[in-house]
Amino acid sequence: MRLKLDTDCPLNLDFTLCCGQTFRWDKQGEWWYGVVKGRACKLRQVENTLEGVNVEFGFIKEYLGLDDDLPKIFAQINKDENMDSAIKAFSGLKILRQEPWECLISYICATYKNILAIKRMLHELSKKFGNKTVFEERNFYTFPTAKKLANASIDDLAKCGLGYRAKYVSETAKMIHRAGFDFECLKRLPYDEAKRELLHFPGVGLKVADCVLLFSLGKTEAFPVDVWVKRVIMRCYKGHFPKEFAEKISGKKSLTDVEYAKLSKFGRDYFGKYAGYAQEYLYHYERTKT
DNA sequence: CAAGTGCCTTTATC
DNA sequence: AGATAAAGGCACT
């Protein structure tokens with residue numbers, strides 16, 4: 001697969017795949033290797049050309065959000081100097097449309113872990129419960145199915161480094177394996193309703209739900225608030241909140257649901273329909289700032 | 001080098 | 001309602 005990219009709409013594959021929204025892509029030389037749709041593949045970007053091996057154009061186009069009109073999105077979210085700097089620094093970072101099941105389990109595992117540890121957990125999980133597939137003489141593993149994880153023992157899941165998250169993964173996998181779950185249907189629901197559905201799964205709170213909505217269900221208004229986003233909001237947008245509230249949450253390590261909802265709603269109200277893009281740029285900006 | 005801190009938080013309990 | 005503690009384990013300081 002080879003695709004000439006529209007020069008008016010920037011793409012930066014490196015930013016997109018390494019910014020912490022997805023955990024199973026690995027860069028070797030100039031190629032990014034990953035497993036999507038049960039298939040190992042590789043991608044690379046050479047200036048304005050995107051090349052893929054063992055992957056379909058239609059899927060990649062959706063996966064990488066190539067239809068998202070970045071100039072239009074930037075025009076909407078670029079409300080101040082902070083956002084302007086973040087956009088300048090990471091222009092071309094796209095919000096992915098990941099596979100929802102994998103995204104859900106990934107973010108249940110991601111709670112209170114750092115990115116390195118999350119990558120390791122998901123690799124171990126795939127290695128133990130996914131299917132091996134060989135690509136360019138290297139072993140890759142598909143992401144485990146709901147059935148596989150539903151039938152796994154808590155102990156075996158925990159051995160992948162999940163710790164107390166093993167129980168949540170197991171219970172969520174069982175719910176989905178037993179009753180099935182239509183993620184496509186969620187894509188068509190409004191943000192609030194889709195979020196309410198996701199919150200039924202054990203291990204899914206407000207933050208995890210927002211991540212799944214943003215990174216796999218196309219809800220670009222979702223504004224996940226993790227420690228880094230809380231930090232950047234307190235650094236750059238403190239004035240938008242009552243002084244007492246700002247002081248209070250600045251000093252704590254975790255947020256209550258009410259506090260979370262206030263920060264997340266600020267993001268949606270202030271940045272608009274593409275608040276999720278603003279979130280990811282700010283997140284990456286805050287994390288890489290010296 | 002030990003001990004403490006922090007990590008893309010949720011849940012149980014008060 | 002709202003605060004607080006507990007829950008892997010590993011990297012980093």
Side-chain angles (χ1 to χ4, degrees), chain A residues 15-25 86 90 93 95-96 98 102-125 128 152-173 175 195-196 198-217 219 222-235 242 244-245 247-264 267 275-290:
Chain A
F15 291 153
T16 302
L17 295 180
C18 86
C19 69
Q21 55 176 323
T22 184
F23 305 102
R24 270 168 34 85
W25 287 93
F90 300 113
L93 190 166
I95 297 292
L96 298 171
Q98 301 180 49
E102 176 170 347
C103 190
L104 174 65
I105 296 301
S106 297
Y107 278 93
I108 289 176
C109 291
T111 63
Y112 209 52
K113 278 278 186 188
N114 58 47
I115 291 177
L116 195 66
I118 299 163
K119 286 183 172 175
R120 202 157 26 213
M121 278 191 290
L122 296 175
H123 176 72
E124 289 303 312
L125 209 58
K128 194 174 281 186
S153 74
I154 303 283
D155 205 42
D156 285 340
L157 292 172
K159 277 186 198 140
C160 297
L162 303 201
Y164 63 88
R165 301 162 193 81
K167 187 171 46 134
Y168 304 140
V169 167
S170 172
E171 287 171 7
T172 295
M175 281 168 70
K195 188 168 185 175
R196 201 178 317 142
L198 290 174
L199 290 172
H200 290 133
F201 293 115
V204 178
L206 297 177
K207 196 279 181 173
V208 171
D210 274 331
C211 286
V212 176
L213 289 165
L214 179 60
F215 301 133
S216 73
L217 298 173
K219 302 298 177 201
F223 193 86
V225 180
D226 71 320
V227 286
W228 295 96
V229 173
K230 187 192 95 173
R231 216 169 273 162
V232 73
I233 291 177
M234 284 303 108
R235 194 166 62 80
E244 199 180 74
F245 176 79
E247 298 287 317
K248 189 167 147 200
I249 65 165
S250 294
K252 3 200 297 188
K253 57 222 170 298
S254 64
L255 299 170
T256 65
D257 281 0
V258 174
E259 290 161 349
Y260 178 97
K262 282 182 182 163
L263 293 179
S264 185
Y277 263 95
Q279 187 271 2
E280 203 55 19
Y281 276 73
L282 289 173
Y283 170 77
H284 203 47
Y285 189 61
E286 187 70 9
R287 276 177 57 92
T288 54
K289 163 174 91 70
T290 46

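Below, chains carry the letters A, B, ... as their sequence lines are ordered, and counting in each starts from 1. As the structure is a computational prediction, the values presented were derived from the model and not from experiment.
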For [X] and [N], what is the distance between atoms [atom1] and [atom2] respectively, to the nearest whole Å?
{"X": "A:L255", "N": "B:dT10", "atom1": "CG", "atom2": "C1'", "result": "12 Å"}
{"X": "A:Y107", "N": "B:dT10", "atom1": "OH", "atom2": "P", "result": "13 Å"}
{"X": "A:K230", "N": "B:dT9", "atom1": "NZ", "atom2": "P", "result": "11 Å"}
{"X": "A:Y164", "N": "B:dC7", "atom1": "OH", "atom2": "P", "result": "13 Å"}
{"X": "A:M121", "N": "B:dC8", "atom1": "CE", "atom2": "P", "result": "10 Å"}
{"X": "A:R165", "N": "B:dT9", "atom1": "CZ", "atom2": "C1'", "result": "9 Å"}
{"X": "A:F23", "N": "B:dC7", "atom1": "CZ", "atom2": "C1'", "result": "12 Å"}

*How would you label the glycosidic angle of C:dG8: syn (within 90° of 0) or anti?*
syn
Report yes if at least one side-chain N or O of [X] is closer than 4.0 Å to OP1 or OP2 of [N]; otherwise report no.
{"X": "A:R287", "N": "B:dC8", "result": "yes"}
{"X": "A:R120", "N": "C:dA11", "result": "yes"}
{"X": "A:R231", "N": "B:dC7", "result": "yes"}

*If you check every side-chain atom of A:D226, which of C:dA3, B:dC8, B:dG6 has the closest atom?*
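Ranking C:dA3, B:dC8, B:dG6 by closest atom to the A:D226 side chain puts B:dC8 first.
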*Would you mind telling me which of C:dA7, B:dT10, B:dC7 lies closest to the side-chain atoms of A:V208?*
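That would be B:dT10.
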_Heavy atoms within less than 4.0 Å of DNA chain B: which residues of residues 109-119 of chain A have one? Give them sorted by number._
A:A110, A:T111, A:Y112, A:K113, A:N114, A:I115
*When all nucleic acid strands are considered with a 4.0 Å heavy-atom cut-off, which category describes A:E171: base, sugar-phosphate, or nothing?*
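Contact class for A:E171: none.
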*Side chain of A:Y260, backbone of A:V225: donor and acceptor closer than 3.5 Å?*
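Yes, A:Y260 side chain to A:V225 backbone: donor-acceptor pair under 3.5 Å.
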*So, the side chain of A:Q279 versus the backbone of A:P224: is there a donor-acceptor pair under 3.5 Å, distance only?*
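Between the backbone of A:P224 and the side chain of A:Q279 there is a qualifying donor-acceptor contact (under 3.5 Å).
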In whole Å, measure the gap between the [atom1] atoms of [N] and [M] for me.
{"N": "B:dC8", "M": "C:dT13", "atom1": "P", "value": "14 Å"}
{"N": "B:dA2", "M": "C:dG8", "atom1": "P", "value": "24 Å"}
{"N": "B:dT5", "M": "C:dA5", "atom1": "P", "value": "14 Å"}

*Let me have DNA chain C in dot-bracket notation, would you? Count Watson-Crick plus G-U wobble pairs, both distances under 3.5 Å, and use [ ] for pairs crossing earlier ones and | for inter-strand partners.*
.||||||.|||||
Kindly give the atom pairs (protein nitrogen or oxygen, nucleotide nitrogen or oxygen) under 3.5 Å for nucleotides 11-14 of chain B.
residue, atom, partner, partner atom, Å
B:dT11, OP1, A:G203, N, 2.6

*Grab the two heavy atoms, one from A:S264 and one from A:F223, that are nearest each other, plus how far apart they are.*
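It is OG-O, 3.0 Å.
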*With a cut-off of 6.0 Å (strictly less than), are more than 12 heavy atoms of other residues, nucleotides or ligands near NZ of A:K252?*
yes
*Please work out whether the ring planes of A:Y281 and A:Y277 are parallel, tilted or perpendicular, with thresholds of 30° and 60°.*
tilted
*Salt bridge or not for A:K195 and A:D210, using N-O below 4.0 Å?*
yes
_With a 3.5 Å cut-off and heavy atoms only, can you find an N or O donor on one side and an acceptor on the other between the side chain of A:E286 and the base of B:dC8?_
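Answer no: no donor N or O sits under 3.5 Å from an acceptor.
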